[in-house]
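We name chains A, B, ... by the order of the sequence lines, and we start the count at 1 in each one.
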Amino acid sequence: MSEQRDEREAYDVVATQDKWRKVWEELNPFQALDDGSKERRYALTMFPYPSGDLHMGHAEVMALHDVIARFWWQQGYDVMNPIGWDSFGLPAENAAIKRDEHPATYTYANIETQAESFKRYGISFDWSRRLHTSDPEYYRWTQWLFLRFRERGLAYRKFSPVNWCPNDQTVLANEQVVQGMCERCGAEVTKRELSQWYFKVTEYAQRLLDDMRQLEGKWPDRVLAMQRNWIGRSEGAHVVFEIEGHGPVTVFTTRPDTLFGATFFVVAADAKLAAEIVTDEQRPAFEAYLDEVRKATDIDRLSTERPKTGVFLGVHATNPVNGERIPVYAADYVLADYGTGAIMAVPAQDARDWDFAKAFDLPIVRTVQPPADFPDEAFTGSGPAINSANDEVSLNGMDVPEAKSTIIAWLEGKGLGNGTVNFRLRDWLLSRQRFWGCPIPIVHCPSCGEVPVPDEQLPVVLPDLRGADLKPKGTSPLAAAEEWVTVDCPSCGGPAKRDSDTMDTFVDSSWYFLRYCSPDYTDGPFDEEAVRNWMPAHQYVGGVEHAILHLLYSRFFTKVLHDMGMVDFVEPFTALLNQGQVINGGKAMSKSLGNGVDLGAVLDEFGVDATRLTMVFAGPPEDDIDWADLSPGGSLKFLQRAWRLSGDVTSEAGADVSTGDVALRKVTHKTVHEAAQLVESHRFNVMVAKIMELVNATRKAIDSGPGGADSAVREAVEAVAIMLSLVAPYTAEEMWERLGHQPTVAKAGWPAVDEALLVEDEVTAIVQVQGKLRAKLQVSPAISAEDLQAAAMADENVVRALEGKTVRKVIVREPSLVNIVAG
RNA sequence: GGGCGAGUGGCGGAAUUGGCAGACGCGCUGGCUUCAGGUGCCAGUGAGGGCAACCUCGUGGGGGUUCAAGUCCCCCCUCGCCCACCA
């Protein structure tokens, strides 16, 4: 049994890694050709933030992403699979303060560590396209884009209440406030009034919504749903109410049909309007209330169970449809920055208005007829309009849509309102009071005002600040860098000051995928032809945490660049794959739980290939994977098993496969055919299962079939090596070499499928009696319905099941099924 | 409160249009190899019954459509995620 000793032979996982890394670095197989000789494919993965070394999450997303990129290479495409770093940001700045050094020190050291880890991890990146958003050569063009946006009126400055994170000492975009907390550090967000820069995303709201049609079916439904939700389009009307002693005030409503039921009027307590219209008599009460509201955080406001509060402002508004005088209140259940910050309150048809009316004992008039047994509460459903008529128009009896259009037409005719669309989406606040970001290329001049830094003076480079100089003080650390801030006005030459805020890092990441197409381009942010060649990216892989932040901003940037004539598409990412999280023991890995798994230790113990295989085989890529449920040891065992096959092939490389064992050849070709489809539909775990089946079949063929000398065995093992190269590149390379081939297996090409070998010459037909399985027959795929039925009826098990029964009906689906109904 | 998604062996998960439920793997059990452990190899492994051929039940629960339902329809339960005073 010396053969068995041979089978126990194993290869040294780690030594193999070192060996092949050197070979790959020499061959440089994954640099995009970019010469038009092959069809191009752009495989994009969300670039990492350089905090520390790679962790399990990176290992998972990169393993999945690389299956696609490597598959494309095998399919013969010219693949661009670039890597870079989103290298501006707070953690580096905080580390720099703690260590009394420059943020760049921490940042670039981590980048080197991560780059080294990616190389060890065997991801097929094109390293020649590497970029870092904190390099002046990169952020020069971030600044350039900002200026172009500003020229188009899409970047503007305004003084208004903003979200403020007291911990990070900076403002935040709406998208970065989650449940009233800072998305990054979890601190409770407060409000501040500041003059800040915004991108006018709202101008693109409708297009961001409409163009999602192109993404249907290619992006996860939930991401599209989240974006739709975030954009928050609602159709309704603007209606003008006259407020005594003040003038006309417009409200937004989605239910203009209920206008006759408006019995009071509410203004957001923190809106300017409230302070403007309040009477002197009511002012003290109002100001006391406003104080209360200001103290309450968003967290308090989030509780919908909270009783309604408010204060009468001493004035009345006139309902334009019936001339009724209704009282005006200030309340915090109306939001200052949604719609117009004021509403008409229709308690009979709105639950919030109902609660307020009950709390303040205000009248309630039903204008939509609820069902007979409807309880004493707001009726938000549909029914015929009632109590809704004036001398000129009557809605009575109309259903909701008809009543809406009728009253809108009447309002428009009177100049009292109009049909309109409102969005929940707000403009993107991009200023940050932090150091480690892209400087805003604007100079503030006492005589010229806001002056853009001329293009030829870009980039505005960050000064050399470190340590204590970076400590957050509520204003940007840049403001304290006197020499840097003080500058001659580019317009008049007089003394002026630079804008001392930096940009949100999401600005940096809104266009990096374009820069990859021509990373060294110096005449603009990107070479338009290179972008035409590669974009839109065919596949984007990354976490769902960016469902509305990065992905919405990138879509916005792309549309603006399209309008500028710089790109010829409106959506940047054709397809999106959101991988799940790696968790441990049912919970997210965290320091406080102490359930973190160290990637380095896993790689040391099981090797890169087994780790990658474990991630890919765990389940569908979108699902979370629980490390506690997985078996990297099992993966390693499989890889050794696959590798051993290559040692049992005794035929020569290039042997004529057509004479090989047909049964094994059929399994090989079927597997290769299915595996390609499974990769395309992102069912990587099933693809791995199919490779395992082929390995098992090949093992059997060697040990108890035609044997290792049969050319079909060679064909099978070569197919295993090529398919395995998508997941376990080192093992595949080692197998390929043992099979007598030159590196690299990554470019060997996907095996050609012989259609003739996909045709089965026997299929299993199922015979059911009353829908229950009673027999299986091996039949020809070309069998006739009559023959199949006859064979089924003749089966001894079927005969027994039919004993004493009369056959009523027979369903035949040749060649696979017969169902006999009897009774 | 609203929206979306999911519930399949001890576990992760397969089952493309309704047509063999449980592929593949982990774990477990028995055996071979071994001084021994591990590795490796062989066999078994949804539940219940039977010496066996086989039989009955079985995809969260209930109902329905169909010759046939994990898959389609209705109701309910549970879990997950997202949004949440958005007028």
Side-chain angles (χ1 to χ4, degrees), chain A residues 1 3-10 178-179 220-226 228-230 232 234 236 251-255 258 266 268 301-306 308 331-335 337-346 349-353 355-356 422-425 544 547-548 613-614 617-620 622-626 628-635 637-638 640-641 644 674 677-678 681 683 685-693 695-696 699 703 764-776 796-797 800-801 808-813 816-822:
Chain A
M1 293 301 267
E3 267 175 32
Q4 261 187 342
R5 287 220 63 82
D6 218 52
E7 277 170 11
R8 261 174 255 163
E9 180 191 9
V178 179
Q179 308 268 300
D221 287 343
R222 67 170 167 162
V223 172
L224 295 176
M226 282 164 79
R228 241 175 238 124
N229 204 323
W230 189 260
S234 44
V251 300
F252 174 74
T253 176
T254 53
R255 292 294 303 274
T258 65
V266 188
R301 294 179 60 119
L302 286 173
S303 165
T304 26
E305 300 305 309
R306 209 163 63 111
K308 291 281 179 287
D332 68 348
Y333 82 93
V334 171
L335 308 175
D337 52 359
Y338 181 75
T340 63
I343 63 156
M344 62 174 207
V346 186
Q349 268 80 231
D350 183 283
R352 297 150 300 175
D353 295 345
D355 293 343
F356 193 87
N422 196 54
F423 292 95
R424 207 184 82 110
L425 184 72
V544 73
I548 36 189
L613 178 68
T614 302
F617 185 53
E622 311 80 18
D623 289 4
D624 285 353
I625 59 181
D626 193 334
D629 293 336
L630 303 179
S631 171
S635 299
K637 204 167 94 181
F638 165 72
Q640 296 283 10
R641 210 170 124 75
R644 276 196 303 273
E674 287 177 349
Q677 293 178 332
L678 289 165
S681 53
R683 280 151 48 209
N685 55 327
V686 185
M687 175 201 65
V688 171
K690 297 293 176 192
I691 300 174
M692 287 173 168
E693 288 184 65
V695 167
N696 292 343
R699 183 80 261 158
D703 291 348
T764 305
I766 304 309
V767 185
Q768 298 173 325
V769 177
Q770 317 288 59
K772 278 180 186 153
L773 176 67
R774 288 295 178 231
K776 295 181 189 180
E796 134 192 5
N797 223 4
R800 187 148 19 90
R808 292 187 199 281
K809 193 170 166 188
V810 181
I811 286 106
V812 182
R813 293 280 177 277
S816 59
L817 180 117
V818 179
N819 190 9
I820 303 160
V821 186

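A:Asn685 has no side-chain polar atom (N or O) that falls below the 4.0 Å cut-off from OP1 or OP2 of B:C24. Put simply, A:Tyr333 has no side-chain N or O that comes within less than 4.0 Å of OP1 or OP2 on B:A87. OP1 and OP2 of B:G40 both lie 4.0 Å or more from every side-chain N or O belonging to A:Arg644. The side chain of A:Lys772 contributes an N or O atom lying less than 4.0 Å from OP1 or OP2 of B:C57.
Comparing atom distances between the A:Arg813 side chain and each of B:C83, B:G19, B:C57 picks out B:G19 as nearest. When distances run from any side-chain atom of A:Phe617 to the nucleotides B:G19, B:A23, B:G12, the shortest one goes to B:G12. When each of B:A23, B:C26, B:U16 is scored by its nearest atom to the side-chain atoms of A:Ala689, the top-ranked nucleotide is B:A23. When the nucleotides B:C85, B:C83, B:G40 are ranked by their closest atom to the side chain of A:Lys308, B:C85 comes out on top. Set against B:A87, B:C24, B:C11, the side chain of A:Asp629 has B:C11 as its closest nucleotide. Picking from B:A84, B:A87, B:G19 the nucleotide with the shortest atom distance to the side chain of A:Ile811 gives B:G19. With B:U39, B:C83, B:C24 as the candidates, the nucleotide lying closest to the side chain of A:Lys637 is B:U39. In the set B:C41, B:A15, B:G19, the nucleotide with an atom closest to the side chain of A:Val686 is B:A15. When each of B:C41, B:A87, B:G13 is scored by its nearest atom to the side-chain atoms of A:Ile343, the top-ranked nucleotide is B:A87. Residue A:Arg424 has its side chain nearest to B:C83 when only B:A87, B:C41, B:C83 are considered.
A:Gln770 places a side-chain N or O within donor-acceptor distance of the main-chain N or O of A:Ala822, the cut-off being under 3.5 Å. In this structure a side-chain-to-backbone donor-acceptor pair under 3.5 Å is missing from A:Asn422 to A:Ser234.
Distance A:Arg683 CZ to B:G12 P: 20 Å, rounded to the nearest Å. As rounded to whole Å, 12 Å separates atom P of B:A84 from atom OH of A:Tyr338. Remark: P of B:G1 and CG of A:Asp350 are 17 Å apart, rounded to the nearest angstrom. B:C82 atom C1' lies 5 Å from atom CE of A:Met226, rounded to whole Å. If you take CD1 of A:Ile625 and P of B:G25, they are 19 Å apart, rounded to a whole angstrom. Separating the CD atom of A:Glu674 from the C1' atom of B:C24 is a distance of 13 Å, rounded to the nearest angstrom. Distance, A:Arg808 CZ to B:C67 P: 13 Å, rounded to whole Å. At whole-Å resolution of the value, CG in A:Asn797 and C1' in B:C55 are 10 Å apart.
A cation-pi contact links A:Lys308 to A:Tyr333, judged by a cut-off of 6.0 Å to the six-membered ring centre and 45° from its axis.
A:Arg228 comes within contact range of no nucleotide atom at all, as no heavy-atom separation falls under 4.0 Å. Residue contacts for A:Gln770: at a heavy-atom cut-off of 4.0 Å it reaches no nucleic acid atom on any strand shown. Within 4.0 Å of A:Asn696, counting heavy atoms only, lie sugar-phosphate atoms of the nucleic acid but no base atom. Within 4.0 Å of A:Ala225, counting heavy atoms only, lies no atom of the nucleic acid at all. In this structure, A:Ser234 reaches the sugar-phosphate backbone alone: every heavy-atom distance under 4.0 Å involves primed, P, OP1 or OP2 atoms, never a base. Among the atoms of the strands shown, none is found under 4.0 Å from any heavy atom of A:Ser816.
Between B:G58 and B:G3, the distance separating the two C1' atoms is 34 Å to the nearest Å. Taking the P atom of each, B:C42 and B:G48 are spaced 28 Å apart, rounded to whole Å. Taking the C1' atom of each, B:C51 and B:G64 are spaced 43 Å apart, rounded to whole Å. The gap from the P atom of B:A53 to that of B:C76 amounts to 46 Å, rounded to the nearest Å. Of the P atoms belonging to B:G27 and B:G38, the separation is 12 Å, rounded to the nearest Å. Taking the P atoms as reference points, B:G22 lies 25 Å from B:C73, given to the whole Å. Look at the C1' atom in both B:U8 and B:G61: the space between them is 15 Å, to the nearest Å. Across the P atoms, B:U45 and B:G10 are found 15 Å apart, a figure rounded to whole Å.
Residue A:Pro632 comes nearest to A:Thr614 through the heavy atom pair CA-OG1, 3.3 Å, listed as atom of the first residue, atom of the second, then distance. Shortest non-hydrogen contact noted between A:Ala345 and A:Asp353 is CA-OD2, 3.3 Å. The two residues A:Lys776 and A:Thr764 have their closest heavy-atom pair at CB-CG2, 4.0 Å.
Between A:Arg255 and A:Val346, every side-chain heavy-atom pair lies at or beyond the 4.5 Å cut-off.
When Watson-Crick and G-U wobble pairs are counted only if both distances are under 3.5 Å, B:G5 pairs with B:C79. A 3.5 Å limit on both hydrogen-bonding distances identifies no Watson-Crick or G-U partner for B:A36. Across the strands present, B:A52 finds no partner; the criterion is a Watson-Crick or G-U wobble pair with both atom distances under 3.5 angstrom. Across all strands shown, B:C41 pairs with B:G31; the Watson-Crick or G-U wobble distances both stay below 3.5 Å. The partner of B:G18 cannot be assigned: no Watson-Crick or G-U wobble pair with both contacts below 3.5 Å exists in any strand. Base pairing analysis places B:C72 opposite B:G64; the two distances defining the Watson-Crick or G-U wobble pair are each below 3.5 Å.
Side-chain contact annotation: A:Arg424 with A:Asn229, donor-acceptor N/O pair under 3.5 Å absent.
Comparing A:Asp221 and A:Leu817 by the nucleotide of RNA chain B that holds the closest heavy atom to each, the one mapping nearer the 5' end is A:Asp221. Both A:Thr340 and A:Ile766 lie close to RNA chain B; mapped to their nearest nucleotides by heavy-atom distance, the more 5′-ward contact belongs to A:Ile766.
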- request: List the steps and the verdict of side chain to side chain contact (heavy atoms under 4.5 Å, CB included) for A:Thr258 and A:Met344.
  value: CA-CA 10 Å; A:Thr258 65; A:Met344 62 174 207; 3.8 Å; yes

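At a cut-off of 3.5 angstrom, counting only N and O atoms as typed in the model, there is a donor on one side and an acceptor on the other between the side-chain of A:Asn819 and the base of B:C67. Judged by atom type and distance alone, A:Gln640 does not reach the base of B:G40 through any side-chain donor-acceptor pair under 3.5 Å. Not a single donor-acceptor pair, N or O on each side, falls under 3.5 Å between the base of B:C67 and the side chain of A:Lys809.
Glycosidic torsion of B:G40 falls outside 90° of 0, placing the base in anti.
Distance check, rounded to the nearest 0.5 Å: CZ of A:Arg800 to CG of A:Asn797 gives 4.5 Å.
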